[in-house]
There are 2 protein chains.
Amino acid sequence: MSRGDRRPTLETVAALAGVSRATASRVINDQPVAPPSRRAVERAIAEVGYVPNQAARSLVTHRTGLIALVLPESSTRVFSDDQFFPRLIQGVSQELETADEQLVLMLAGSATSRERIERSAVAGRVDGVMLASLHGTDPLSGALAKSGVPVVSNERVLGPVEVPSIGVDNRGGARAAVEHLIATGRRRIATITGPSDMIAGMDRLDGYLEAIEGAQEPVVASGDFTRASGEAAMTRLLAEHSGVDGVFAASDLMAEGALHVLRQNGFRVPEDVALVGFDDITRAAHTDPPLTTVRQPVDGIGRHLASQLLSLIAAEPVEPAITLTTELIIRDST
Amino acid sequence: MSRGDRRPTLETVAALAGVSRATASRVINDQPVAPPSRRAVERAIAEVGYVPNQAARSLVTHRTGLIALVLPESSTRVFSDDQFFPRLIQGVSQELETADEQLVLMLAGSATSRERIERSAVAGRVDGVMLASLHGTDPLSGALAKSGVPVVSNERVLGPVEVPSIGVDNRGGARAAVEHLIATGRRRIATITGPSDMIAGMDRLDGYLEAIEGAQEPVVASGDFTRASGEAAMTRLLAEHSGVDGVFAASDLMAEGALHVLRQNGFRVPEDVALVGFDDITRAAHTDPPLTTVRQPVDGIGRHLASQLLSLIAAEPVEPAITLTTELIIRDST
DNA sequence: CTGAAAGCGCTTACAG
DNA sequence: CTGAAAGCGCTTACAG
């Protein structure tokens, strides 16, 4: 079929099969139809290469078959060497495989793009949206939720609106990391934090503080989850706090950065300074020395995000918040 | 508005403004309307928070306002530390900013996902699709083109169908790189190739062969653009070909891998072995030593992809193929 | 400039 | 099991 030809409609198919549009529609939607009619319709569909017009369908069913994963980051941050998003997407895709929904990614880096996305969702262009990696009290979640589109988020959402969320036990994971450092004899344990406007950043810091409390004086250097920020933070720790012999970095990437700086400055890991990361990205097992870290089930977050959203779309009850467990993976950096 | 409430329709707005649906529609679509009517409608829209139903609109206009960027890769490869995709997306977004189109990313990693995407496009879910990073004679381009959806591709498309494409001068870039190595006195220049089923891989190898022809015996080690493949290839070169004093790697990532292996084996760059990459990713300027490389305008590819597609959608004539120039950036690795 | 009406291509009670 | 008919929410000639 070349461009400009009219695509065949249900009408075409029905006429060719010698049945009504209603019957043709029923075989397409897998509803009971007498076998001979069914066969005739199927033959007609194959013959003309019929594909239902999605707009017409959506107009009556109020479903589009599209689910959006909105990433409120610029493309550069989304496609960084942090393996969070690919793993998340893998989990989401896995869950969506069976559902008849197509995943679309929308990047909400700029103001105009977020506005466009908000309007898209409200205009009924998608059946639901998953929000990931929100910063601060991002108004996007509120706007979407208020408009009536089903929304779910990873990590709990800050702000007035309630959005079902899937998080991990950031606090418990961080606590386990720090307790491990304490248990292995470290006397001066610092932390390199994530962004202070993200749940994952806030909660991992809280976990550190809870564990360190009463035992040692807290030493905090802030970062933003990136390797560069880990390097900068470690450099500052070395310059401003002597005697640090243990570091809990709130991401593996920052831990890598810290490791690099430590070695450049002649510190042995773990002999002089023990190091724990968070995430358990693939490379964590291949650093030198392999990195002790807190594993979080990123694909699990993805799967739960998708299944919760699917439930929401089906108007089924959902958990207001799910927290997945984290696990301390002990390697050679501690 | 809570979930379950009926969203207001044009009818609601028209009634409230005391005009017909046609008039209300006209103000929404920015067509001439008497100022008083316009004001009344605008007030009504604001009052009820009206947003046009996209499905109804699409049904009559045959436009969805959605443009797909289809990436025929698993999410892991798309989100690698190769900065190709983010830069491409940046260019695309830039161009789309003014057009009233929302960019959606679709990952076509698995067989079921490509089938779903194909059906989506044919069903008229998107106004057009951009294909990037195709492998071999991927049937996706053919299927889409045949269905009548406007399609464009980065790099020319292998196979029977004609799809407008935007590529870069891979061959010329590679030639310039190798000629530079020859001109600076390298006597035994090897290449580390990209995937043999991708245009970028094939053409950069051709450029190398063209330049080396007659002057030296070609030495070829194959890779797939990733850092790991660059390491492996360099290791093989060292083991199997003595005397190599120059290397042209078809990607900066592979060049980085090669650099790593060279230094581990005690070779100095550029004194013992000169090295040229391809891409000019950000890190190329920060390796030790900074990498000589062939810069390709990835954001330019993105911008042209989008503008060509927009033209195609508007039924305007487009170039069948555009080739952007590359530029040799000389740094300290040669 | 404006409105009545047709039509886009489907699905879904409803009646048989 | 099947068909006639209504309706989803818009846009757009057409006539005025």
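Order of the sequence lines sets the chain letters (A, B, ...), proteins ahead of strands, with each chain counted from 1.
Of the residues in residues 48-57 of chain B, not one places a heavy atom less than 4.0 Å from an atom of DNA chain C.
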Chi angles and distances behind the side-chain hydrogen bond (donor to acceptor under 3.5 Å, both in side chains) call for B/Arg125, A/Asn53: CA-CA 8 Å; B/Arg125 266 212 189 100; A/Asn53 177 309; over 6 Å; no
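With D/dT11, D/dT12, C/dT11 as the choices, the nucleotide that has an atom nearest any side-chain atom of B/Arg21 turns out to be D/dT11.
With respect to the salt-bridge test (charged N to carboxylate O, under 4.0 angstrom), the residues B/Asp299 and B/Arg87 do not qualify. A salt bridge does not link B/Arg156 to B/Glu162: none of the charged nitrogens lies less than 4.0 Å from a carboxylate oxygen. Taking 4.0 Å as the cut-off between side-chain N and carboxylate O, A/Glu118 and A/Lys146 do not count as a salt-bridged pair.
Residue order along DNA chain C, read from the 5' end via each residue's closest nucleotide, puts B/Pro35 first among B/Pro35 and B/Leu59. Projected onto DNA chain C by closest heavy-atom contact, B/Pro36 and B/Val60 fall at different nucleotides, the more 5' of which corresponds to B/Pro36.
Between A/Ser25 and C/dT11 there is a side-chain N or O to OP1 or OP2 distance below 4.0 Å. Residue B/Thr9 has no polar side-chain atom (N or O) positioned under 4.0 Å from OP1 or OP2 of D/dG9. Of the side-chain N and O atoms in A/Thr23, one or more sit less than 4.0 angstrom from OP1 or OP2 of D/dG3.
The 12-atom threshold is exceeded at CD of A/Glu97, counting heavy atoms of other residues, nucleotides or ligands nearer than 6.0 Å. Under a cut-off of 6.0 angstrom, the local environment of CZ in B/Arg119 is sparse, with at most 12 non-hydrogen atoms contributed by other residues, nucleotides or ligands.
At a threshold of 4.0 angstrom between heavy atoms, the contacts of A/Ser37 are confined to the sugar-phosphate backbone, with no base atom among them. A/Ala34 comes within 4.0 angstrom of sugar-phosphate atoms only, judged by non-hydrogen atoms across all strands, and of no base.
The separation of D/dG9 from D/dA13, taken at their P atoms, amounts to 23 Å, rounded to a whole angstrom.
A distance of 11.0 Å separates CG in B/Leu96 from CD in B/Gln94, rounded to the nearest 0.5 Å.
Every residue meeting the side-chain contact (heavy atoms from CB on, under 4.5 Å) condition with A/Glu319, not counting sequence neighbours, appears here in chain and number order: A/Gln308, A/Ile322.
Pairing analysis of DNA chain D (Watson-Crick: purine N1 to pyrimidine N3 plus N6-O4 or O6-N4; G-U wobble: N1-O2 and O6-N3; both under 3.5 Å) yields stems of 3 or more pairs at C:1-3 with D:14-16, C:5-12 with D:5-12, C:14-16 with D:1-3.
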